[in-house]
Student: 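The structure's right below; bear with me while I get my questions together.
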Amino acid sequence: EYVEIAPVSELPNGERLFVEVGGKALVIFNIAGQFFAIGDLCSHDDGPLGDGDLEGFNIVCPRHGGEFDVQTGKAVQMPAVVDIPAYPVKVVDGMIQVGIPKE
């Protein structure tokens with residue numbers, strides 16, 4: 001099920017948007033005009049992930065340096081070893097939509 005989040009104009013290239021959808025904290029990224037959404041929770045210590053530095057398509061956890069690929073949610077750098085949720089994103093009529101699985 002896709003949930004409408006915001007107009008594309010609210011998320012310029014290189015920026016991120018923090019939202020809560022269905023009780024889940026998400027971060028949506030615009031990287032070179034492509035949109036990606038991940039859970040805003042590091043699998044290593046349950047800390048917030050979205051404020052971390054973006055290096056290419058990897059986000060670096062600001063607490064302990066674990067890295068995750070924002071395209072897939074895969075853990076790519078220790079100490080993180082467990083993947084995080086990544087959600088499909090599409091743009092419809094200028095609106096960013098994120099696919100959230102039904103419980």
Side-chain angles (χ1 to χ4, degrees):
E1 177 178 351
Y2 278 83
V3 178
E4 207 164 79
I5 302 296
V8 172
S9 59
E10 286 189 18
L11 189 54
N13 186 33
E15 296 296 318
R16 61 191 81 183
L17 185 64
F18 295 85
V19 296
E20 189 169 307
V21 178
K24 301 178 192 328
L26 308 182
V27 189
I28 304 167
F29 300 90
N30 178 343
I31 302 173
Q34 298 179 72
F35 297 94
F36 304 97
I38 59 169
D40 186 19
L41 202 60
C42 180
S43 62
H44 168 245
D45 71 352
D46 292 334
L49 188 56
D51 286 328
D53 291 333
L54 207 52
E55 296 178 357
F57 288 102
N58 289 352
I59 185 145
V60 180
C61 181
R63 291 171 68 158
H64 300 110
E67 283 186 39
F68 301 88
D69 184 330
V70 299
Q71 302 167 101
T72 62
K74 293 236 176 280
V76 295
Q77 177 70 43
M78 297 287 280
V81 293
V82 176
D83 299 342
I84 58 171
Y87 302 94
V89 181
K90 64 183 181 179
V91 175
V92 178
D93 296 328
M95 293 295 290
I96 299 167
Q97 297 182 355
V98 176
I100 304 294
K102 291 193 174 197
E103 297 291 318

Student: Please report the closest heavy-atom contact between Ala86 and Gly73, naming both atoms and the distance.
Tutor: CB-N, 3.7 Å

Student: Can you name the side-chain contact (heavy atoms from CB on, under 4.5 Å) partners of Pro7, sequence neighbours left out?
Tutor: Ser9, Glu10, Met95

Student: What residues, two or more places apart in sequence or in another chain, satisfy salt bridge (Lys or Arg N to Asp or Glu O under 4.0 Å) together with Asp83?
Tutor: Lys74

Student: Which atom names give the shortest non-hydrogen contact between Gly99 and Pro101, and what distance separates them?
Tutor: O-CD, 4.0 Å

Student: List, by chain and then residue number, the residues other than Leu11 in its hydrophobic cluster (Ile/Leu/Val/Met/Phe/Trp/Tyr, side-chain heavy atoms under 4.5 Å); write none if there are no others.
Tutor: Val3, Ile5, Val8, Leu17, Val19, Val21, Leu26, Ile28, Phe35, Tyr87, Val89, Val91, Ile96, Val98, Ile100

Student: According to salt bridge (charged side-chain N to carboxylate O under 4.0 Å, His left out), does anything in residues 85-99 pair up with another residue at least two apart or in another chain? List the pairs.
Tutor: none

Student: Once salt bridge (charged side-chain N to carboxylate O under 4.0 Å, His left out) is applied, what residue pairs with a partner in residues 58-68 remain, sequence neighbours excluded?
Tutor: Asp45-Arg63

Student: I need the minimum non-hydrogen distance between Pro79 and Gly66, along with the two atoms involved.
Tutor: CD-N, 3.7 Å

Student: Quick check against the 3.5 Å criterion: does Asp40 have a side-chain atom that pairs as donor or acceptor with the backbone of Gly50?
Tutor: yes

Student: Checking Asp53 now: which residues fulfil salt bridge (Lys or Arg N to Asp or Glu O under 4.0 Å) with it, not counting sequence neighbours?
Tutor: none

Student: For Glu1, check salt bridge (Lys or Arg N to Asp or Glu O under 4.0 Å) against everything at least two apart and list the hits.
Tutor: Lys102

Student: Which Ile, Leu, Val, Met, Phe, Trp or Tyr residues join Phe29 in one cluster when any pair of side-chain heavy atoms under 4.5 Å counts as a link?
Tutor: Phe18, Val27, Ile31, Phe36, Ile38, Leu49, Leu54, Phe57, Ile59, Phe68, Val70, Ile84

Student: My understanding is that only residues two or more places apart in sequence, or in another chain, count here; which of them pass side chain to side chain donor-acceptor pair (under 3.5 Å) with Gln71?
Tutor: Asp69

Student: Among residues at least two apart in sequence or on other chains, which ones pass side chain to side chain donor-acceptor pair (under 3.5 Å) with Lys24?
Tutor: Glu103

